[in-house]
Amino acid sequence: MAPVIATNETIVVVGGGISGMTAALEAAECGKQVVLVENTATLGGRTAILYRYFPKLCHPTCGLEINLRRLKASRDIRVLTLAEVTRITGTRGNFSVTVKRSPRYVNERCTACGACAEAVKTEVPNPWNYGLSKMKAAYLPHAMAYPQRYVIDPSIIGTPEADQAKAACKYGAVDLDMKEETIELQAGAVVWATGWKPYDAAKIQPYGYGRFANVVTSVEFERLADPHGPTGGKILRPSDGKEAKSVAFIQCAGSRDENHLRHCSRICCMASLKQTQYVREAYGDAAQSTVYYIDIRAIDRFEDFYAKVQKDQTVKFVKSKVARIAEDQATRDPVLHGVDTEGYHRYANRHDLVVLAIGMEPSVRGADIPAEVVEDSSGFIEPAADGAMVFGAGCATNALDVNRATQNATAAALRAIQVVNHVSRAES
Ligand SMILES: Cc1cc2nc3c(=O)[nH]c(=O)nc-3n(C[C@H](O)[C@H](O)[C@H](O)COP(=O)(O)OP(=O)(O)OC[C@H]3O[C@@H](n4cnc5c(N)ncnc54)[C@H](O)[C@@H]3O)c2cc1C
Ligand code: SF4
Ligand code: SF4
């Protein structure tokens with residue numbers, strides 16, 4: 001790898017989702033040197049594994065493609081994937097940053113031809129499908145992956161399969177001698193854009209996630225609807241592969257609950273409204289979506305989308321916090337129990353599939369991050385708190401949709417630029 005040149009006018013951005021990419025691009029397009037550190041094998045974060053975006057229902061390729069084009073055109077951004085920041089010392093304007101980079105075992109000669117994957121039999125869980133499918137141990141993370149370069153999974157290193165992958169590569173791109181590297185950088189400012197993670201649905205015990213096969217989370221449902229996902233885009237029940245035409249969406253699953261996440265995750269009402277349209281797209285007038293909600297939070301221009309979904313004959317709304325889910329053991333149908341608060345009727349409603357509109361938890365919560373940060377009561381980073389070493393950006397700072405996450409990241413980039421401009425003026 002060419003050495004990473006960094007000075008105390010460099011901005012380090014940690015997290016290569018849409019927010020980190022935006023912060024990096026905005027800073028680089030203002031003439032700053034940026035090092036973008038992502039801990040998986042690809043940029044794009046969780047946005048890249050959504051099927052469609054609300055409210056226009058366009059594919060995430062639109063937004064990401066534009067950013068990737070800008071990134072490829074920039075000479076001022078150095079991207080480090082499979083990399084983590086392990087130490088930050090110093091103060092704003094003068095940091096030393098240590099980055100640990102794991103081996104990909106594939107170098108820049110890779111053409112993404114896929115011959116190494118064909119030569120390998122071992123499969124590993126696919127994290128970009130939330131573990132709903134497996135992938136070969138020589139893999140490209142997903143179709144939109146950047147860099148477009150395969151990875152040899154560490155689990156087969158040292159086995160004959162790794163040698164077979166190497167032998168299959170006509171371009172000399174498989175390098176089984178790659179080792180973990182430690183990279184020391186100087187930086188003037190650090191932007192922390194490590195995003196969010198889905199709340200652990202198994203902790204919401206009455207909903208039976210993990211016990212009942214036909215209870216899935218909203219992030220898993222994105223993958224079920226996606227043609228690149230585990231079912232090739234067919235909305236099928238995990239228990240028996242049957243078409244799931246009657247789908248229940250349970251709102252606030254884990255959010256707005258002192259026992260789980262106290263905050264409103266802000267996007268999950270919109271995500272479920274959007275996902276009712278996936279069911280309609282799959283099954284036309286035979287689709288039956290039921291949204292169980294406390295109140296629907298569709299802010300600003302999203303209100304129009306809510307109004308449009310309300311007019312859809314295939315979508316029904318039940319104002320109720322579902323109390324519990326049981327499973328019909330013969331059919332594996334999930335049966336929802338609760339009280340409809342508009343008529344005060346008790347219900348026991350049977351569906352083919354339940355989708356939990358799972359809350360967004362800050363990825364920094366519970367993580368051991370090597371920087372002093374100020375967190376709010378939900379564990380999100382206060383974006384520019386006094387005394388904090390890093391500037392938070394995107395969903396590391398709050399539960400945000402893509403539009404708001406990128407606006408927030410642009411603001412973080414501006415704060416970082418102000419710091420390095422100050423350094424540069426002080427030194428001239
Ligand atoms: C079910 C669902 C559907 C949604 N649908 C939509 C939609 O239709 N429209 C919309 O606008 N929004 C939608 N969202 C919200 C959208 O996913 C977020 O706005 C978006 O992911 C925010 O991007 P981000 O870059 O801030 O975070 P992330 O996407 O989480 O990216 C963070 C990146 O940081 C990396 N990272 C994490 N920790 C580290 C570390 N320690 N070191 C280095 N890198 C690290 C991660 O690997 C990742 O690449 C949806 C959310 C959910 C739950
Ligand atoms: S590593 Fe080699 S065989 Fe594998 S995709 Fe890249 S170029 Fe093709
Ligand atoms: S956005 Fe909707 S579903 Fe999500 S926590 Fe807020 S109210 Fe509940």
Side-chain angles (χ1 to χ4, degrees), residues 14-23 36-40 42-58 60 63 80-81 83-85 105-107 109-119 138-140 148-152 165-166 168-175 192-198 217-222 249-257 261 263-272 274-275 291 293-299 355 357-360 363-364 367 369-370 393-406 408-409:
V14 186
I18 194 82
S19 302
M21 288 168 78
T22 302
L36 178 56
V37 181
E38 162 61 40
N39 67 352
T40 71
T42 175
L43 299 185
R46 296 190 190 273
T47 308
I49 48 177
L50 298 174
Y51 170 41
R52 303 253 181 132
Y53 277 154
F54 55 72
K56 289 191 184 159
L57 299 186
C58 48
L80 301 176
T81 50
E84 262 179 77
V85 170
Y105 302 109
V106 172
N107 63 31
R109 283 187 225 135
C110 177
T111 61
C113 71
C116 52
E118 279 167 34
Y139 64 88
L140 188 67
Q148 276 280 307
R149 199 184 301 165
Y150 272 61
V151 185
I152 309 290
K166 184 177 166 76
C169 181
K170 287 190 290 194
Y171 304 96
V174 175
D175 177 355
W192 207 266
T194 54
W196 61 279
K197 55 189 175 189
T217 64
S218 50
V219 289
E220 291 169 342
F221 196 67
E222 289 289 327
F249 295 90
I250 299 188
Q251 299 311 109
C252 305
S255 305
R256 301 172 72 190
D257 184 336
L261 302 174
H263 59 270
C264 165
S265 292
R266 279 213 191 107
I267 59 86
C268 19
C269 279
M270 283 304 297
S272 293
K274 170 184 75 168
Q275 291 180 343
V291 182
Y293 71 103
I294 306 175
D295 43 54
I296 295 287
R297 296 192 169 168
I299 48 172
V355 179
I358 203 70
M360 290 166 86
S363 63
V364 288
I369 72 167
C395 283
T397 69
N398 219 327
L400 300 169
D401 59 71
V402 168
N403 192 23
R404 285 175 177 77
T406 54
N408 180 289

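One-based numbering, in listed order, for ligands and for the atoms of each.
Residue-level proximity to ligand 1 for Val14 is carried by the side chain, the only part with a heavy atom below 4.0 angstrom. Contacts of Val37 with ligand 1, taken as heavy-atom pairs under 4.0 Å, involve the backbone alone. Contacts with ligand 2 closer than 4.0 Å are made by backbone heavy atoms (N, CA, C, O) of Ala112 only, the side chain lying farther away. With a 4.0 Å cut-off on non-hydrogen atoms, Ala271 touches ligand 1 through its side chain and not its backbone. Residue contacts with ligand 1 for Arg52 involve N, CA, C or O but no side-chain atom from C-beta outward (heavy atoms, distance under 4.0 Å). The proximity of Ala193 to ligand 1, defined as any non-hydrogen pair under 4.0 Å, is limited to the backbone. In Leu140, neither the side chain nor the backbone holds a heavy atom less than 4.0 Å from any atom of ligand 2. Under 4.0 Å from ligand 3, the heavy atoms of Arg266 that appear belong solely to its backbone. The part of Ser255 lying near ligand 3 is the side chain, judged by heavy-atom distances below 4.0 Å. Residue contacts with ligand 1, taken as heavy atom pairs separated by less than 4.0 Å, involve Asn39 via backbone and side-chain atoms alike.
Scanning the protein for heavy atoms near atom 47 (O) of ligand 1, the closest one is Glu38 OE2, 2.7 Å. Scanning the protein for heavy atoms near atom 33 (C) of ligand 1, the closest one is Gly17 N, 3.4 Å. Counting protein heavy atoms only, atom 7 (S) of ligand 2 is closest to Thr111 N, 3.3 Å. Given atom 37 (C) of ligand 1, the protein heavy atom at minimum distance is Thr194 O, 3.3 Å. Scanning the protein heavy atoms around atom 2 (Fe) of ligand 2, the nearest turns out to be Cys169 SG, 2.3 Å. Nearest protein neighbour of atom 8 (Fe) of ligand 2, counting heavy atoms only, is Cys113 SG, 2.3 Å. Among protein heavy atoms, atom 29 (O) of ligand 1 sits closest to Arg46 N, 2.9 Å. When only non-hydrogen protein atoms are considered, atom 23 (O) of ligand 1 lies nearest to Ile18 CG2, 3.3 Å. Here the heavy atom of the protein found nearest to atom 6 (Fe) of ligand 3 is Cys264 SG, 2.3 Å. What sits closest to atom 5 (S) of ligand 2 on the protein, heavy atoms only, is Gly114 N, 3.2 Å. Given atom 27 (O) of ligand 1, the protein heavy atom at minimum distance is Gly195 CA, 3.3 Å. For atom 3 (S) of ligand 2, the closest heavy atom belonging to the protein is Cys116 N, 3.3 Å. Scanning the protein heavy atoms around atom 5 (N) of ligand 1, the nearest turns out to be Lys274 NZ, 2.9 Å. From the protein, the heavy atom lying nearest to atom 18 (C) of ligand 1 is Leu400 O, 3.5 Å.
At a 3.5 angstrom cut-off on N or O pairs, Ile358 does not count as close to ligand 1. For ligand 1, the polar-atom distance check against Leu50 finds no nitrogen or oxygen pair separated by under 3.5 Å. Residue contacts with ligand 1: Thr42 is placed with no nitrogen or oxygen under 3.5 Å of a nitrogen or oxygen of the ligand (distance criterion only). Checking only distances, Gly44 never comes within under 3.5 Å of ligand 1, N or O to N or O. Residue-to-ligand polar distances keep Ile267 apart from ligand 1: every N/O pair is separated by 3.5 Å or more. By the 3.5 Å distance cut-off applied to N or O atoms, Ser218 is not counted among the residues near ligand 1. For Trp196, a nitrogen or oxygen atom sits less than 3.5 Å from a nitrogen or oxygen atom of ligand 1, counting backbone and side chain alike. Ligand 1 has an N or O atom lying under 3.5 Å from an N or O atom of Phe54, backbone or side chain. The N/O atoms of Ser19, backbone and side chain alike, include one that comes under 3.5 Å of an N/O atom in ligand 1.
Within the model, atoms CZ of Arg404 and OG1 of Thr397 stand 12.5 Å from one another, a figure rounded to the nearest 0.5 Å. The SG atom of Cys268 sits 6.5 Å away from atom CD of Gln251, with the distance rounded to the nearest 0.5 Å. Ser265 contributes atom OG, which lies 10.5 Å from atom CG of Leu400 (distance to the nearest 0.5 angstrom). We find the CD1-CG distance between Ile18 and Asp401 to be 11.5 Å, quoted to the nearest 0.5 Å. Lys166 NZ to Cys116 SG: the interatomic distance, rounded to the nearest 0.5 Å, is 12.0 Å.
Of the possible donor and acceptor atoms, none in the side chain of Arg52 sits under 3.5 Å from a partner among the backbone N and O of Lys274. Under the 3.5 Å distance criterion, the side-chain polar atoms of Ser272 are left unmatched by any main-chain donor or acceptor of Cys269. Between the Glu222 side chain and the Tyr51 main chain, a donor and an acceptor come within less than 3.5 Å of each other. A donor-acceptor pair under 3.5 Å links the side-chain atoms of Ser363 to the main chain of Gly195, judged by distance alone.
The closest side-chain heavy-atom distance from Met21 to Thr47 is not below 4.5 Å. For the pair Cys252 and Ile294, the minimum side-chain heavy-atom distance is below 4.5 Å.
Atoms of ligand 1 found under 4.0 Å from any heavy atom of Gly16, numbered from 1 in the order shown, are 33 (C), 34 (O), 49 (O). Near Gly45, the atoms of ligand 1 lying under 4.0 angstrom from a non-hydrogen atom of the residue are 29 (O), 31 (O), 48 (C), 49 (O). Atoms of ligand 2 found under 4.0 Å from any heavy atom of Tyr150, numbered from 1 in the order shown, are 5 (S). Atom numbering of ligand 2 starts at 1 in the shown order; those under 4.0 Å from a heavy atom of Tyr171 are 7 (S). Close contacts between ligand 2 and Val174 involve ligand atoms 1 (S) [criterion: under 4.0 Å to a heavy atom]. Each of the atoms 5 (S), 7 (S), 8 (Fe) of ligand 3 lies under 4.0 Å from some heavy atom of Arg256. Taking a cut-off of under 4.0 Å to the non-hydrogen atoms of Gln251, the atoms of ligand 3 that pass are 3 (S). Close contacts between ligand 1 and Thr47 involve ligand atoms 20 (C), 21 (O), 29 (O) [criterion: under 4.0 Å to a heavy atom]. Applying the 4.0 Å criterion to heavy atoms of Thr40 picks out, from ligand 1, the atoms 47 (O).
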> Would Ile267 and Met360 satisfy side-chain contact (heavy atoms from CB on, under 4.5 Å), going step by step from the backbone distance to the final call?
Replying inline: CA-CA 9 Å; Ile267 59 86; Met360 290 166 86; 3.2 Å; yes
>> Under the criterion side-chain contact (heavy atoms from CB on, under 4.5 Å), I'd like the reasoning laid out for Val355 against Gln275: C-alpha separation, chi angles, the key distance, then a yes or no.
In response: CA-CA 9 Å; Val355 179; Gln275 291 180 343; 3.7 Å; yes
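Note on Cys268: not counted as a metal contact of atom 2 (Fe) of ligand 3, no N/O/S atom lying under 2.8 Å. Among the backbone and side-chain atoms of Cys110, no N/O/S atom is found under 2.8 Å from atom 4 (Fe) of ligand 2.
Residue Ser265 places a heavy atom under 4.0 Å from ligand 3. Residue contact annotation: Arg404 has no non-hydrogen atom under 4.0 Å from ligand 1.
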